[in-house]
Amino acid sequence: MAGAAALSGADYKIDQGLLNTLTDDEGAVAPFFVVFGERPLQLKQAYRIPDRIARARFVAQALESVANRSQAGVRGYLRGRGVAFTPFWIENKIYVPQGTLELARALSQRPEVVAILPEVIHVIPPPQVGSGSSIQAIEWGISKIRAPEVWSTGNKGQGIVVANIDTGVQYTHPALTSQYRGAGGTHLGNWKDPYGLCGSTPCDNNGHGTHTMGTMVGDDGAGNQVGVAPLAKWIACKGCRTNSCYDSDLIACAQWVVNPDGAAPPHIVNNSWGGGGHNPWYQSYVQSWVAGGLYPAFSNGNSGPGCTTSGSPGDYPESISAGATDISDTIASFSSRGPSLFGGIKPDLSAPGYNVRSSYPPSTYATLSGTSMASPHIAGTVALVWASSGLVGNIAGTEQVLKDSAVVLTTSQTCGGISAGTSPNNTYGWGRIDAKATVDRAGGGPPNQPPSVTITAPGNGSSFPCGSSVTFTGTSSDPDGPDPVIQWSDDGAGFGSGTSVIKPYACTTADIKTHTIVASVTDAGGLGDTDTINITIYDPSVPAAPTNLTAAVVGPNVNLSWTDNSTTESIFRVQRKLKSVWSDLATVPVDTINYTDLNPGKGNWQYRVRAEGVGGQSAWSNSVSARVR
């Protein structure tokens with residue numbers, strides 16, 4: 001029998017792992033994100049704004065406007081209950097650092113809320129420590145990609161600002177201090193530390209971020225020429241506390257680089273971090289960067305040499321990911337290979353990533369290996385390209401000239417079914433970057449303009465009962481030619497093409513979950529665009545979880561009672577825990593709302609209950625404790 005309000009009827013919106021954490025112990029708390037479905041449909045209008053600062057601000061304002069509107073009710077609810085929270089606009093979500101089961105269930109009932117997700121900790125891929133740390137004048141990787149030949153023309157990246165989201169930067173390092181945009185001024189707008197470990201002054205308690213920044217812009221003027229674009233400026237956001245990178249910090253950094261405390265945004269953002277592949281959690285942020293004209297450089301991961309080992313976010317179609325090569329242009333064994341499970345070849349490009357010497361705290365140098373070391377070579381090359389061409393903010397056009405000018409490298413690997421000896425491939429991508437060839441090519445006239453695609457229905461975060469047939473619609477356009485045909489995929493598997501497609505969802509384990517829907521287009525010149533939404537398929541026959549479980553000690557017994565929120569249960573299962581182990585105590589009939597644990601013995605017992613029926617089992621109720629003396 002259902003209660004007056006099925007308070008747990010939207011448990012499908014709450015991540016199962018988070019639910020397990022919150023129901024495992026009385027008083028359990030955990031950080032989580034409250035996700036809203038509304039998003040700005042006009043975001044891609046930013047592509048037509050010629051001024052890069054105005055373009056980024058348009059994106060920030062569009063995102064913030066949607067977040068302020070759709071989050072207003074939840075923000076008021078949280079404030080009224082004294083719950084600490086951080087609202088984000090780079091994606092429409094709210095971070096709650098100490099959330100309870102009761103709060104998660106109450107928020108899941110709200111129609112504007114589409115998901116409650118746990119905080120996840122990502123990692124800096126551990127680099128390999130290499131040999132050789134003595135001054136080599138111009139480092140081998142810098143020479144390999146022919147950056148000095150670009151410098152000889154007077155182009156060292158002047159006027160370009162690079163950023164990294166990493167472990168921080170030692171801003172007083174001799175190779176980096178003069179390039180810091182905040183040098184001699186203010187750190188505000190040039191440095192962000194979401195967690196507060198360093199505070200208002202840049203620092204690096206790990207070394208990784210100082211190393212990657214050095215490869216982009218490092219030069220101490222005394223023989224340590226470690227950076228690709230030594231006259232570019234840098235800013236930084238500390239997204240990783242040590243080698244661990246929390247969702248909340250990485251999201252804060254993703255937002256900050258679009259609008260760094262009101263200062264001008266960077267041109268390029270390097271990200272030498274990541275996790276397992278096919279994880280779309282950061283994809284909307286990368287899409288917003290691209291809309292704002294920020295170049296998204298990512299490492300491809302250090303999980304090679306097997307196929308399909310590219311990590312997220314580098315494996316997104318919107319990300320430009322780097323594989324790692326050595327001084328002989330041979331792929332490093334650790335360098336992750338494609339294809340991406342989102343579709344397409346990964347890495348996009350390769351760059352020096354083996355035995356790379358760069359700046360390192362405190363005020364020294366270190367030689368490291370990893371795709372983390374390769375990505376800043378590409379970011380630095382983009383700085384050189386944008387310093388001398390009309391491609392600033394044109395992400396697709398820049399990617400095109402990088403690929404067209406790369407040194408072609410082939411392999412005997414056949415990852416993704418690509419024949420051995422062909423290029424591009426899922427080992428090297430389109431090849432190893434060549435800064436001189438790319439800069440020369442970028443000056444050769446306007447490149448092909450990328451197409452655009454937008455999913456118009458259903459709304460992001462929509463939920464449907466299993467057994468539904470869902471209609472997906474979208475629009476596409478191409479400034480250089482006819483509108484390309486939209487290709488649709490669900491969790492990487494194609495299911496149709498055109499502006500409108502229908503996909504049925506059965507009541508099976510494979511279908512009852514959250515699905516990542518991608519619409520993609522490719523033009524005649526090979527450039528593409530994607531748009532992504534998430535939808536949830538749920539089973540309405542699954543019972544709703546009981547709520548308001550209470551326990552009262554009466555003599556040697558414990559009396560339990562709860563609220564029945566379900567209309568589809570067959571039984572209720574009662575569990576009891578002593579110390580850390582839950583065990584089944586009893587099953588009780590349909591529509592029962594109480595149970596007595598007879599003489600459990602002395603101890604501090606915990607209890608929980610769930611509903612079970614032919615459609616499956618609910619999540620657990622809240623946990624309660626009772627001390628029998």
Side-chain angles (χ1 to χ4, degrees), residues 31 33 56 60 64 84-91 93-98 119-125 161-173 175-177 179-214 216-218 233-266 268-275 282 285 288-289 294 296-298 313 359-363 372 376 379:
F33 293 91
E64 192 166 9
F85 68 94
T86 300
F88 289 109
W89 49 258
I90 188 68
E91 186 176 81
K93 60 177 55 171
I94 289 174
Y95 176 62
V96 178
Q98 294 289 308
E119 179 160 42
V120 176
I121 301 174
H122 307 268
V123 298
I124 292 286
V161 179
V162 302
N164 69 0
I165 296 174
D166 213 302
T167 63
V169 179
Q170 184 203 345
Y171 82 103
T172 58
H173 194 288
L176 298 172
T177 184
Q179 296 92 324
Y180 177 44
R181 193 173 72 176
T186 176
H187 298 304
L188 184 67
N190 301 308
W191 165 252
K192 177 74 172 178
D193 178 10
Y195 183 67
L197 191 148
C198 297
S200 61
T201 303
C203 81
D204 184 359
N205 59 327
N206 177 281
H208 190 274
T210 300
H211 197 278
T212 61
M213 188 61 77
M216 287 189 278
V217 301
K233 297 295 185 181
W234 66 265
I235 65 176
C237 187
K238 187 172 173 57
C240 304
R241 299 176 189 181
T242 52
N243 62 341
S244 298
C245 316
Y246 288 70
D247 278 355
S248 53
D249 297 337
L250 292 170
I251 294 170
C253 288
Q255 180 167 290
W256 180 80
V257 295
V258 178
N259 183 18
D261 298 313
I268 299 152
V269 185
N270 186 74
N271 302 267
S272 291
W273 56 270
Y282 214 70
Y285 316 138
S288 295
W289 292 352
L294 281 68
F298 281 88
S359 47
Y360 205 78
S363 300
S372 288

Query raised in the report: Can you tell me if T177 uses its side chain to pair, donor with acceptor, with the backbone of T172 under 3.5 Å?
Result: no
Query - Residues I94, T86; criterion side chain to side chain contact (heavy atoms under 4.5 Å, CB included); working and verdict - result: CA-CA 6 Å; I94 289 174; T86 300; over 6 Å; no
**Report entry** Aromatic plane relationship, F298 with Y282 - under 30° parallel, 30 to 60° tilted, over 60° perpendicular
**Finding:** perpendicular
Report task. Apply the side-chain contact (heavy atoms from CB on, under 4.5 Å) test between W191 and each candidate in S200, P260, C198; give the one that qualifies. Result -> C198
Query raised in the report: Among all residues two or more places apart in sequence or in another chain, which pass the ring pair (Phe, Tyr, Trp, His ring centres under 6.0 Å) test with Y171?
Result: Y180, H187
Query - N164 (side chain) donor-acceptor with G209 (main chain) under 3.5 angstrom - result: yes
Report task. Check whether any side-chain heavy atom of F85 lies under 4.5 Å from a side-chain heavy atom of Y95, and answer yes or no. Result -> no
Query raised in the report: If you measure from SG on C245 to NE2 on H122, what distance do you get to the nearest 0.5 Å?
Result: 8.0 Å
Requested in this report: Show the numbers, then the answer: is there a side chain to side chain contact (heavy atoms under 4.5 Å, CB included) between W273 and V123?
Outcome: CA-CA 6 Å; W273 56 270; V123 298; over 6 Å; no
Report task. Give, for atom CD1 of I165 and atom OG of S272, the distance between the pair rounded to the nearest 0.5 Å. Result -> 11.0 Å
Query raised in the report: Does any non-hydrogen side-chain atom of F33 lie less than 4.5 Å from one of V96?
Result: no
Query raised in the report: So, N190 versus K233: side-chain donor-acceptor pair below 3.5 Å or not?
Result: no
Requested in this report: Could I get the full list of salt bridge (charged side-chain N to carboxylate O under 4.0 Å, His left out) partners for E119, not counting sequence neighbours?
Outcome: none
**Report entry** Closest non-hydrogen atom pair between A84 and P97, with its separation
**Finding:** O-CD, 3.4 Å
Report summary line: Between R181 and A263, the two heavy atoms sitting closest are NH2-CB, 3.7 Å
Query raised in the report: Do D204 and T210 have a side chain donor and acceptor closer than 3.5 Å?
Result: yes
**Report entry** Non-hydrogen atoms of A379 and N270 that approach each other most closely
**Finding:** CB-OD1, 4.0 Å
Report task. Give a yes or no on whether the backbone of S363 and the side-chain of Q170 come within a donor-acceptor separation of less than 3.5 Å. Result -> yes
Requested in this report: Show your reasoning for whether side chain to side chain contact (heavy atoms under 4.5 Å, CB included) applies to V162 and M213.
Outcome: CA-CA 9 Å; V162 302; M213 188 61 77; 4.0 Å; yes
Report summary line: The ring pair (Phe, Tyr, Trp, His ring centres under 6.0 Å) partners of Y360 (sequence neighbours excluded) come to none
Report task. Return the set of residues passing side chain to side chain donor-acceptor pair (under 3.5 Å) with D166 (not counting sequence neighbours), or none when no residue passes. Result -> H208, T212
Report summary line: Sorted by chain and number, sequence neighbours left out, salt bridge (charged side-chain N to carboxylate O under 4.0 Å, His left out) with K93 holds for E91
Query raised in the report: Has the side chain of Q255 got a donor or acceptor atom that lies under 3.5 Å from a matching backbone atom of I90?
Result: yes
Query raised in the report: Nearest heavy-atom pair of V169 and A236: which atoms, and what distance?
Result: CG2-CB, 3.8 Å
Query - Residue pairs fulfilling salt bridge (charged side-chain N to carboxylate O under 4.0 Å, His left out) with at least one residue in residues 239-251, sequence neighbours excluded - result: R241-D249
Query raised in the report: Is there a donor-acceptor contact under 3.5 Å from the side chain of W234 to the main chain of L176?
Result: yes
Query raised in the report: Can you list the steps and then say if S248 with L250 is a side chain to side chain contact (heavy atoms under 4.5 Å, CB included)?
Result: CA-CA 6 Å; S248 53; L250 292 170; over 6 Å; no
Query raised in the report: When T167 is tested against each of T242, L197, I124, N243 for side-chain contact (heavy atoms from CB on, under 4.5 Å), which residue passes?
Result: I124
Query raised in the report: Taking atom types as modelled and ignoring hydrogens, do the side chains of W256 and D261 form a donor-acceptor contact shorter than 3.5 angstrom?
Result: yes
